[in-house]
Amino acid sequence: MRWSQLFIPTLRDAPADAEAASHKLLVRGGFIRQLHAGHYSLLPLGLRVHDKVENIVRQGMDDIGAQEFLLPAMHPASIWQRSGRWDSVGPEMFRFQDRKEADLALGMTHEEVFSEIAREVTSYKSLPQIWYQIQWKFRDEPRPKSGLLRVREFAMKDSYSFDLDDAGLDHAFEIHRQAYIRVFERLSLNALAVQASSGMMGGAGSVEFMVPSPAGEDDIACCGACGYAANVERATSTLAPMDDGGGGKSGELERFATPGVRTIAALEAVEGGAVAHRQIKTMVMVLDGSMTLALLRGDHRLNLQKLADSTGALEIRAAEPAETFERLGAHPGSLGAVGVTDLPVLADHALNGRRNLTTGANEDDWHYRGVDVDRDICVQQWLDLREVSAGEPCPVCGHPLEVVRCIETGHIFKLGRRYAEAMGATVLDADGVNRAITMGSYGIGIGRAVAAVAEVHHDDRGLCWPMSVAPYEVVITVPSMRDEPAVALAEQLYSELREQGCEVLLDDRDARAGVKFADSELIGIPWRITAGRAAADGEVELTERASGETALVDTSAVVAQVVTAVESARRQD
RNA sequence: CGGGACGUGGCGCAGCCUGGUAGCGCACCUGCUUUGGGAGCAGGGGGUCGCCGGUUCAAAUCCGGCCGUCCCGACCA
């Protein structure tokens, strides 16, 4: 294409409120424009990248024998009511009514609709099946942010596997896992497959694909020695045993005055206090409307997703200080579970068997010491509630864990039979017995993957697209449109490269050289041919965007060289 | 939803405190010069100052309400 005829509105300045590199550069490069919060228009350049990502994902699915569908984006409430999710997913689903006042929703995922179709699969002989689509999802995110990274309307590849038994599901899950690894490799994304929480999808297990980036919103814990990796919502670590003193015997429970002490740190510092790991942290949480105490070691942090997963609670919030005071008689900073029997008490495993600890006494300015957890606290359930921290030993091999900020670009779930049972998707097995199909569901966010590539592949001049997703493979820059031999040469190279199947952009704008160079670097085309002052001598410059390396190449050889570079990048795909 | 910030041509901003003709840079149009790293000069076009209401002779500016956007926290591909 000729740049002079394209709509590529590049900007010298990024929008003031953009923070993430991908957000700034995709806007500056003329790839996207915001319509409103969480909704972006894809401009021609942006759509080309988006299409390329889509096609790589599509090939990944086709390679494992998946079949492409296209389902409605708008759903009747009835199918969501049948699965039970009309009530359970909450305000994240866009809901509205049609003129007949029938309830409708915009699809945020498609387990229900695919299960509905799967009711027509009636024999085990038709299994397994893998079905997918690439289609728009709508989620009323509480907080859209960072350009394409977190939006309310986005293209997602979602696939669904249907199997007779768990072994079949395990296989479908595994081939998806491998397909995803391959897809992210082709996108030049270093995605780590990590154990994850299943969240609203439910089910037996899930793996997330995480691209390390400071623009991400998730933390994963990973081990450099054995490869253990898990979202901090799931990750565990091995803790050293604690010596609680007293020769293994419990001391007396003793109440003592702690005027003004409101934090773990303050209690560490005060006379007669205790180091953080000898304290009990008491978190007052409201789980689906009912107040609950969550207990952790003083130096540990509560992970809310762990609390949600282990209790099945849908809505979790911290209690307001006023509510806390009303129920427990003290404000945060003086709370404890000693003697509490009228509220559920959940405790983290790290407190199991501990003695001689210090905790709040449920009266402002008073604490207890000598607390023996087994003796003094009525623990209803022992759970894994704490979030791991960097440096703690890997639960598998003991090597210190790293915590890495990541972008979640894919997530795969073993759903089991829940949806098939709810939707009535059953088959007859070899014995003529009706059995619910077992399902998996698998997602990749296309726009988020585009943003993730931009996050990982850019420099201070702009984007550096990998060949596999670049909007064009080569740009031919003519520094001066008055240089007739150069223009003629550029035109010739342009048509030759197109004949060779390259996606070429010819910068034929009547603009200054500096503008053209800066724009070509901003939009990140992998190779640039500069047809300029050396044209008269039969030479052009060939510049690789990512490395910045430039070579003078004979005019007669440049097409072959570029074609080779493009094809070799395509092959590595 | 809780906390913070902001809303002025396409983008980036000033003006607001102390009310009185809406301004700057980039971008855009015309002309001349320039021509391999975001050119110079001259001329020009474009703004309901987020919306509604109030105070006032007079509101971008002061007051109230609403809407929107962004950032930090609780959610997800």
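Below, all heavy atoms of this structure are taken into account, side chains as well, without hydrogens, waters or symmetry copies. Small disclaimer: the values here were computed from a predicted structure and weren't measured.
Within 4.0 Å (heavy atoms only), A:Asp519 reaches at least one base atom of the nucleic acid. Contacts of A:Ala449 with the nucleic acid, taken as non-hydrogen atoms under 4.0 Å apart, are absent. Within 4.0 Å of A:Asp483, counting heavy atoms only, lies no atom of the nucleic acid at all. A:Glu315 comes within 4.0 angstrom of no nucleic acid atom, judged by non-hydrogen atoms across all strands. Heavy atoms of A:Pro9 sit nowhere under 4.0 angstrom from any nucleic acid atom.
What separates CZ of A:Phe7 from C1' of B:G10 is a distance of 9 Å, to the nearest Å. The distance from atom CG of A:Asp510 to atom P of B:G36 is 13 Å, rounded to the nearest whole Å. Between the C1' atom of B:C75 and the CD atom of A:Glu92 lies a distance of 6 Å, rounded to the nearest Å. Taking atom CG on A:Asn231 and atom P on B:C75, their separation rounds to 11 Å, with Å as the unit.
Under the side-chain contact (heavy atoms from CB on, under 4.5 Å) test applied with A:Val540, the options A:Leu493, A:Leu552, A:Thr477, A:Thr530 reduce to a single match, A:Leu493. With A:Glu521 as the fixed residue, the salt bridge (Lys or Arg N to Asp or Glu O under 4.0 Å) test singles out one of A:Arg528, A:Arg28, A:Lys516: A:Arg528.
Applying the side chain to side chain donor-acceptor pair (under 3.5 Å) definition to pairs two or more places apart or across chains, those involving residues 7-20 of chain A are A:Thr10-A:Asp519.
B:U35 is unpaired under the Watson-Crick or G-U wobble criterion, no partner having all donor-acceptor distances under 3.5 Å. Base pairing analysis places B:A14 opposite nothing; no Watson-Crick or G-U wobble pair with both distances below 3.5 Å involves it. Under the Watson-Crick or G-U wobble criterion, with both distances below 3.5 Å, B:A5 is paired with B:U69. The partner of B:A77, taking Watson-Crick or G-U wobble pairs whose two distances both stay under 3.5 Å, does not exist in any strand shown. Base pairing of B:A60 is not made with any nucleotide, judged by Watson-Crick or G-U wobble geometry with both donor-acceptor distances under 3.5 Å. Remark: B:U55 base-pairs with no nucleotide; criterion is Watson-Crick or G-U wobble with both hydrogen-bond distances under 3.5 Å. Figure legend. B:U30 is base-paired to B:A42; pairs are counted as Watson-Crick or G-U wobble with both atom distances under 3.5 Å. Applying the Watson-Crick and G-U wobble criteria (two distances, each under 3.5 Å), B:G19 pairs with nothing in any strand.
Interatomic distance, A:Leu71 CG to A:Tyr132 OH, rounded to the nearest 0.5 Å: 13.0 Å.
A salt bridge does not link A:Asp51 to A:Arg58: none of the charged side-chain nitrogens sits closer than 4.0 Å to a carboxylate oxygen. Ion pair A:Arg143/A:Glu217 not flagged as a salt bridge, since none of the NZ, NE, NH1 or NH2 atoms sits closer than 4.0 Å to an Asp/Glu carboxylate oxygen. Salt-bridge annotation for A:Asp158 and A:Lys137: present, with a side-chain N of the basic residue lying under 4.0 Å from a carboxylate O of the acidic one. A salt bridge does not link A:Glu541 to A:Arg533: none of the charged side-chain nitrogens sits closer than 4.0 Å to a carboxylate oxygen.
Relative ring orientation between A:His411 and A:Phe413 is described as parallel, the plane-to-plane angle staying below 30° on a 0-90° scale split at 30° and 60°. Relative orientation of the A:Tyr180 and A:Phe184 rings is perpendicular, given thresholds of 30° and 60° on the angle between their planes.
You won't find any donor-acceptor pair under 3.5 Å spanning the side chain of A:Arg28 and the base of B:C11, going by distance alone.
When the nucleotides B:A77, B:G36, B:G12 are ranked by their closest atom to the side chain of A:Arg533, B:G36 comes out on top. Taking the side chain of A:Val151 as heavy atoms from C-beta on, and the options B:A77, B:C75, B:G36, the nearest nucleotide is B:A77. Of the candidate nucleotides B:G12, B:G38, B:C76, B:C76 has the atom lying nearest to any side-chain atom of A:Glu408.
When the P atom is compared between B:C16 and B:G7, the two are found 13 Å apart, to the nearest whole Å. Taking the C1' atom of each, B:C71 and B:U34 are spaced 44 Å apart, rounded to whole Å. Rounded to a whole angstrom, the distance from the C1' atom of B:C62 to that of B:G73 is 34 Å. The separation of B:U21 from B:C49, taken at their C1' atoms, amounts to 15 Å, rounded to a whole angstrom. For the C1' atoms, the distance linking B:G64 with B:A22 amounts to 25 Å, nearest Å. Using P as the reference atom, B:U56 and B:G50 are 23 Å apart when rounded to the nearest Å. Taking atom P in both B:G25 and B:C17, one finds a spacing of 25 Å when rounded to whole Å. Distance check on atom C1': B:A5 versus B:G9 gives 24 Å, rounded to whole Å.
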> What do the steps show when you test A:Ile523 against A:Leu505 for side-chain contact (heavy atoms from CB on, under 4.5 Å), and what is the final call?
Replying inline: CA-CA 11 Å; A:Ile523 70 171; A:Leu505 185 56; 4.0 Å; yes
>> Evaluate A:Glu111 against A:Arg418 for salt bridge (charged side-chain N to carboxylate O under 4.0 Å, His left out), listing each step before the verdict.
In response: CA-CA 10 Å; A:Glu111 281 78 10; A:Arg418 169 184 163 194; over 6 Å; no
> Should A:Met210 and A:Asn231 be marked as a side-chain contact (heavy atoms from CB on, under 4.5 Å) after you check the CA-CA gap, both sets of side-chain angles, and the distance that decides it?
Replying inline: CA-CA 9 Å; A:Met210 302 299 244; A:Asn231 193 303; 3.6 Å; yes
>> A:Asp348 vs A:Arg297, test: side-chain contact (heavy atoms from CB on, under 4.5 Å). Steps then yes/no.
In response: CA-CA 8 Å; A:Asp348 181 73; A:Arg297 210 169 86 181; 6.0 Å; no
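Across A:Phe94 and A:Asp140, no two heavy atoms sit closer than the pair CE1-N, 3.4 Å. A pairwise comparison of heavy atoms in A:Ile130 and A:Ser161 identifies CG1-CB, 4.2 Å as the closest pair.
Between A:Trp3 and A:Tyr472, the ring centre distance reaches or exceeds 6.0 Å.
By the 5.5 Å and 30° criteria, A:Phe517 is not stacked with the base of B:G38.
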> Along nucleotides 22-35 of chain B, 5' to 3', which nucleotides get a B, which get an S, and which get a -, given that the test is a protein heavy-atom distance under 4.0 Å?
Replying inline: ---BSS------BB
>> I need a per-nucleotide contact map over nucleotides 68-73 of chain B, read 5' to 3'. Cutoff is protein heavy atoms under 4.0 Å; write B for the base, S for backbone only, - otherwise.
In response: -SSBBB
Strictly under 3.5 Å: I want the nitrogen or oxygen pairs between protein and nucleotides 42-48 of chain B, one per line.
none

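Taking the ring centre of A:Phe154 as origin, the terminal cationic atom of A:Arg448 falls outside the region bounded by 6.0 Å and 45° from the ring axis.
When each of A:Gly443 and A:Glu521 is assigned the nucleotide of RNA chain B with its nearest heavy atom, A:Glu521 is the one assigned upstream, toward the 5' end. Toward the 5' end of RNA chain B, the nearer of the two residues A:Ile446 and A:Ala534, judged by each one's closest nucleotide, is A:Ala534.
With 3.5 Å as the limit, one finds no donor-acceptor pair spanning the side chains of A:His457 and A:Ser188. Remark: the A:Glu112 side chain and the A:His75 side chain contain no N/O donor-acceptor pair separated by less than 3.5 Å.
Near RNA chain B, meaning a heavy atom under 4.0 Å from it, residues 286-304 of chain A has A:Leu304 in order of number. Contact check of residues 525-532 of chain A against RNA chain B (heavy atom, cut-off under 4.0 Å) returns A:Arg528, A:Thr530, A:Gly532.
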